[in-house]
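All of these numbers come straight from a predicted model, not from anything done at the bench.
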Amino acid sequence: IRSTAHGDLNSGNVLFEPGDAASLPVFIDFASMRRSKDNAEYPEFFHLPFWDYAKLERDIQTRLFLKEAINAKLERSAIIGAIRAINGIANGTAQAPCEPFDKLVKTTLALRESIRNEYAPADFVAYRAVLAYAMLTVIFREQPDVEVPRDLQYLVAAESGIALLADPFSP
């Protein structure tokens, strides 16, 4: 399945109004819609549809959740437990209910539900594989994030990939 896509949908390209009130997202930076990072032109409908979703979910887990978990002073074991749990490993759990974990669950499940509503169940298996790949790309970034400890971000990315691939048929 191929489609027209944003091409670089990540947390930095989705903006919201400031404040606590809900707002509609505004998407920016459509440069990758027609051209790839190596400046090759995409043929029409070339994009794999799951790549944008996977990049967005990757950033939710490895950037947004991680920043909030660190600010909430969650233990490393609780962070990894939450990542394992959200990606399908049954023995993974957050040690105690907390706001960062609650946000991770709500956001991730809403994103995955919208994908399930758009694509056939068999296609969602492919999404898990694409998401695992997107997670593992964090480890190979040319410019690592500076807002979170690199080793923890790499660990979260690796644990996500392992959890997603441990049971690719999990919902």
As a quick check of understanding, evaluate side chain to side chain contact (heavy atoms under 4.5 Å, CB included) for Leu104 and Gln61, giving each step before the final call. CA-CA 7 Å; Leu104 172 68; Gln61 291 187 37; 3.8 Å; yes
I would like to know whether Asp151 and Arg76 meet side chain to side chain contact (heavy atoms under 4.5 Å, CB included); could you show each step before the answer? CA-CA 11 Å; Asp151 65 324; Arg76 187 176 282 237; 3.3 Å; yes
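Hydrophobic clustering of Ile, Leu, Val, Met, Phe, Trp and Tyr side chains at less than 4.5 Å, counting indirect connections, keeps Leu155 apart from Leu136. Residues Ile60 and Ile79 share a single hydrophobic cluster, defined by chaining ILVMFWY side chains whose heavy atoms lie under 4.5 Å apart. No chain of hydrophobic side-chain contacts below 4.5 Å, direct or via other Ile, Leu, Val, Met, Phe, Trp or Tyr residues, connects Tyr133 to Ile139. Hydrophobic clustering, with ILVMFWY side chains joined whenever heavy atoms are under 4.5 angstrom apart, groups Ile80 together with Leu66. The hydrophobic cluster containing Tyr154 does not contain Leu164, counting ILVMFWY residues as joined when their side-chain heavy atoms lie under 4.5 angstrom apart, directly or transitively.
Ile70 places a side-chain heavy atom less than 4.5 Å from the side chain of Leu152. Taking 4.5 Å as the limit, every side-chain heavy atom of Met135 sits out of range of all side-chain heavy atoms of Leu165.
Expressed to the nearest 0.5 Å, how far OG1 of Thr107 lies from CG of Asp102 amounts to 10.0 Å. A distance of 7.5 Å separates OG1 of Thr108 from CG of Asn87, quoted to the nearest 0.5 Å. Going from atom CZ of Arg128 over to atom CG of Leu131 covers 8.0 Å, rounded to the nearest 0.5 Å. Note that the OG1 atom of Thr62 and the CD atom of Glu57 stand 10.5 Å from one another [nearest 0.5 Å]. To the nearest 0.5 angstrom, Ile86 atom CD1 is 9.5 Å from Phe65 atom CZ. Summarising the geometry, atom NZ belonging to Lys55 is positioned 8.0 Å from atom OG1 belonging to Thr137; distances are rounded to the nearest 0.5 Å.
Residue Glu99 places its CD atom among 12 or fewer non-hydrogen atoms of other residues, nucleotides or ligands, all under 6.0 Å distant. Enclosure of atom CZ in Arg150 is not indicated, since only 12 or fewer non-hydrogen atoms of other residues, nucleotides or ligands lie within 6.0 angstrom.
Residues Arg58 and Ala134 approach most closely at CD-O, 3.0 Å, considering heavy atoms. Taking every heavy atom of both residues into account, Val130 and Ala54 meet most closely at CG1-CB, 3.8 Å. Listed here is the closest heavy atom pair of Ser160 and Ile83: OG-CG2, 3.1 Å. In this structure, Ala72 and Pro100 approach most closely via the heavy-atom pair CB-CG, 3.8 Å.
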